[in-house]
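Here the structure comes first, spelled out in structure tokens, and everything after it is commentary.
One-based numbering along the sequence shown.
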Amino acid sequence: MTDKTAPQTRDEGGGERQRVVLRGLFINVVLATGQLAVGVLGRSAALVADGFHTLSDLLSDTLVLAAAHFGAQAADEDHPYGHARIETAGTFGLSLVLVGAGVGIALHAAAALSAPGQLARPDFLALAMAFAAIGIKEGLFRYMRRAGSRLQSEILHANAWHYRTDVFSSIVVAVGVAGSMMGVRDLDSVAAIGVAILIVRMGAMLGWQAMRELVDTGLEAEKLERIRRVILSIDGVRTLHLLRTRRAGGRAFVDVHILVDGAISVSEGHQISEMVRVALMRHVSNIADVVVHIDSEDDEHAATNARLPLRAEILKRLDHYFAGIEAARAIDSVVLHYLCGRIAVELHLSLDLAPTAADARALQEQFAHAAARDPQIASVEVCFR
């Protein structure tokens, strides 16, 4: 029996993610305008370059905005697990932007080192703007990171670190402007190459994480152990196996087989599976959906039941085997237990058919003997009620 709960059909934080990104986008527009204007007036080529770098952030913000919008859409017929992987793909795209930005900064710095005499000497206004950019971008980083944690959004986390790389580039600009004002013309270019290496490293790390999610890499060992402990704490769960997990947009999906007593009812097995689902959703963070498969035996190692016939075929055989037993016409119900590659049959009859213990034993032997020749039937037990 499998108990499936529908995955989240809509993303409650999708609208908030979009608002967070829009605020960052607006601040970037204002900041880039200020950097370009002050860079021209303050005679700072580095500040002008940083202004264009900030403008390029608008492209990544647009990418994040689109990913947040489409990733928050409800599940549909074509995407039954939702659209969270769009956010993951957006994170991967953003990582490429980071790597490209790092390479671009390194190339620009290398070019500046080869022609240091072409750099103009900036003034104090450019230095003040460079320090202002550091503060603004650091504020954006902290704001975006907090929003990413609150909304459990990987792409907001990725964008936050993009802003942190902008902080580094603005630090390089400040150092370069200050160095140029003091006559050390090459200082900004050397520092820029070091920062470019950090930017490329951050982009590569984010891209690797997104790629792991896109290829369905499971959760970390620590979280898997937490999931196991929660499942085994549920009354009625004997053990578990075939635990599988994957991620989508910072949320986790869990599939698991649990072993329960093979003699319990279908409804009790379903109730145990429901308690497993509820416990995992309640006690393990970021789980979006749980699928619980109920096993009456460890089907990972025990004999398979795949070749055993279903009820209609078994009842047909039993009718044939019991044709000569008069009490067979009074069977109230038949319960079948599929265990260890064979079927245990449970017959329910009225107690009126066996008024004494000797009568009950005789009927038990009669039914068991009649079905004994069937290799797929392990046993026949008669229950009187």
Residue pair H348 / D332, side-chain donor-acceptor N/O under 3.5 Å: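 Judged by distance alone, the side chains do not pair up.
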Say whether, by atom type as modelled, one donor and one acceptor occur between the side chain of [X] and the main chain of [Y] under 3.5 angstrom.
X	Y	answer
R342	P375	yes
E297	C340	yes
Q364	V380	yes
S350	L353	no

Can you check whether [X] reaches [Y] side chain to side chain, under 4.5 Å on heavy atoms?
X	Y	answer
F141	D166	no
Y321	R373	yes
Y143	R23	yes
H270	V292	no
N28	L140	yes
F253	D255	no
I264	I272	yes
E346	C383	yes

Residues, nucleotides or ligands: over 12 heavy atoms within 6.0 Å of R311 CZ: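 It does: R311 CZ has more than 12 such atoms within range.
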Return yes when atom NE2 of H241 has more than 12 non-hydrogen atoms of other residues, nucleotides or ligands closer than 6.0 Å, and no otherwise.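 Buried by this count: over 12 neighbours within 6.0 Å.
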I would like to know whether L318 and I377 meet side-chain contact (heavy atoms from CB on, under 4.5 Å); could you show each step before the answer? CA-CA 10 Å; L318 293 177; I377 295 179; 3.9 Å; yes
Parallel, tilted or perpendicular: ring planes of F367 versus F322, cut at 30 and 60 degrees: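 The rings of F367 and F322 stand perpendicular, inter-plane angle above 60°.
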If you compare all heavy atoms of L310 against all heavy atoms of Y338, which two are closest, and at what distance to 0.1 Å?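 Taking every non-hydrogen atom into account, CA-OH, 3.4 Å.
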Nearest heavy atoms of S170 and A133, plus distance in Å: OG-CB, 3.8 Å
Full working for side-chain contact (heavy atoms from CB on, under 4.5 Å) between S149 and H157: CA-CA 7 Å; S149 298; H157 275 294; 3.2 Å; yes
I'd like to know if E138 and R142 make a salt bridge, using a cut-off of under 4.0 Å between side-chain N and carboxylate O. yes
For R317 and E313, run salt bridge (charged side-chain N to carboxylate O under 4.0 Å, His left out): C-alpha distance rounded to whole Å, both residues' side-chain angles, the deciding distance at 0.1 Å, then the answer. CA-CA 6 Å; R317 293 187 196 179; E313 173 62 23; 3.2 Å; yes
For V256 and L242: C-alpha separation, side-chain torsions, deciding distance, then whether side-chain contact (heavy atoms from CB on, under 4.5 Å) applies. CA-CA 6 Å; V256 64; L242 295 179; over 6 Å; no
Partners passing side-chain hydrogen bond (donor to acceptor under 3.5 Å, both in side chains) against R238 (at least two apart in sequence or in another chain): none
side-chain hydrogen bond (donor to acceptor under 3.5 Å, both in side chains) involving D319 - partner list, sequence neighbours excluded: none
CA sep, side-chain torsions, deciding dist, call: R385, S333, side-chain contact (heavy atoms from CB on, under 4.5 Å): CA-CA 11 Å; R385 58 185 182 184; S333 62; 3.2 Å; yes
Find the distance between CG (L363) and CG (L349) and round it off to the nearest 0.5 Å.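 Output value for this atom pair is 7.0 Å.
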Quick check for you: to the nearest 0.5 Å, what is the distance between K137 atom NZ and L31 atom CG?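 These two atoms lie 5.5 Å from each other.
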Using the rule side-chain contact (heavy atoms from CB on, under 4.5 Å), only one of T239, I234, D295, I294 pairs with V260; which is it?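 Single pass found, and it is I294.
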Hey, can you pull the donor-acceptor pairs under 3.5 Å for the side chains in residues 222-231, sequence neighbours left out?
| from | atom 1 | to | atom 2 | distance (Å) |
| --- | --- | --- | --- | --- |
| K223 | NZ | S285 | O | 3.0 |
| K223 | NZ | S285 | OG | 3.3 |
| R226 | NH2 | H283 | O | 3.1 |

